[in-house]
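First the structure, in the form of structure tokens, and then the observations on it.
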Amino acid sequence: MKNIVKYLRRSLEHDMTQEELAKAIGVSRTTISAIENGASTSDEIVIKLANLFNKDPREIFFDNCVVSVTTQMTLE
């Protein structure tokens with residue numbers, strides 16, 4: 001699943017390592033790595049990430065059709 005977890009984690013506002021993010025939401029570092037690499041995750045983790053980053057889950061996680069539509073809108 002496409003997402004911007006790595007971008008948010010490394011942003012100036014948060015500046016976290018995978019380990020720090022994992023501890024903040026109660027998962028392993030390998031789970032964060034898997035999510036950043038496109039693995040699907042539970043609704044519970046999606047909500048925890050959304051709360052931590054103060055974002056709507058749809059702003060963080062999206063599928064390819066959303067990317068395509070957004071790209072097309074930008075190009076027009």
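The first residue of the sequence shown is numbered 1, and numbering continues consecutively from there.
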Given the rule that I, L, V, M, F, W and Y join up when any side-chain heavy atoms are under 4.5 Å apart, are Ile47 and Val27 in one cluster?
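As far as the 4.5 Å side-chain criterion goes, Val27 and Ile47 are not connected within one cluster.
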Looking only at side chains, do Thr30 and Ser33 share a donor and an acceptor under 3.5 Å apart?
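Side chains of Thr30 and Ser33: no pair found under 3.5 Å.
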Using the rule side-chain hydrogen bond (donor to acceptor under 3.5 Å, both in side chains), only one of Arg10, Lys6, Gln18 pairs with Glu36; which is it?
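Among Arg10, Lys6, Gln18, the one meeting side-chain hydrogen bond (donor to acceptor under 3.5 Å, both in side chains) with Glu36 is Gln18.
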Under 4.5 Å between any side-chain heavy atoms of [X] and [Y], yes or no?
X     : Y     : answer
Ile4  : Phe61 : no
Val5  : Leu21 : yes
Thr41 : Leu49 : no

Can you name the closest pair of heavy atoms from [X] and [Y] and give their distance?
X     : Y     : answer
Met16 : Ala24 : CE-CB, 4.1 Å
Asn3  : Ile35 : ND2-O, 2.7 Å
Pro57 : Val46 : CB-CG1, 3.6 Å

Can you tell me if Asp15 uses its side chain to pair, donor with acceptor, with the backbone of Ser11 under 3.5 Å?
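No; zero donor-acceptor contacts below 3.5 Å.
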Okay, side chain of Lys2, backbone of Phe62: is any donor-acceptor separation there less than 3.5 Å?
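No; judged by distance alone, with no hydrogens or angles, the pair does not exist.
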If I take atom OG1 from residue Thr17 and atom NZ from residue Lys23, how far apart are they, to the nearest 0.5 angstrom?
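Between atom OG1 of Thr17 and atom NZ of Lys23 there are 8.0 Å.
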Run the side chain to side chain contact (heavy atoms under 4.5 Å, CB included) test on Leu52 and Leu8 for me, step by step, so that the C-alpha distance in whole Å, both residues' side-chain angles and the decisive distance to 0.1 Å come before the verdict.
CA-CA 10 Å; Leu52 178 76; Leu8 292 170; over 6 Å; no
Over 12 non-hydrogen atoms of neighbours within 6.0 angstrom of CD in Glu44
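Counting neighbours around CD of Glu44, 12 or fewer heavy atoms of other residues, nucleotides or ligands fall under 6.0 Å, so no.
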Is it the case that atom CG in Asn37 sees more than 12 heavy atoms from other parts of the structure closer than 6.0 Å?
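More than 12 heavy atoms, drawn from other residues, nucleotides or ligands, come within 6.0 Å of this atom.
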Considering only NZ, NE, NH1 and NH2 on the basic side and carboxylate oxygens on the acidic side, decide whether Arg9 and Glu20 come within less than 4.0 Å.
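Looking at Arg9 and Glu20, the cut-off is not met.
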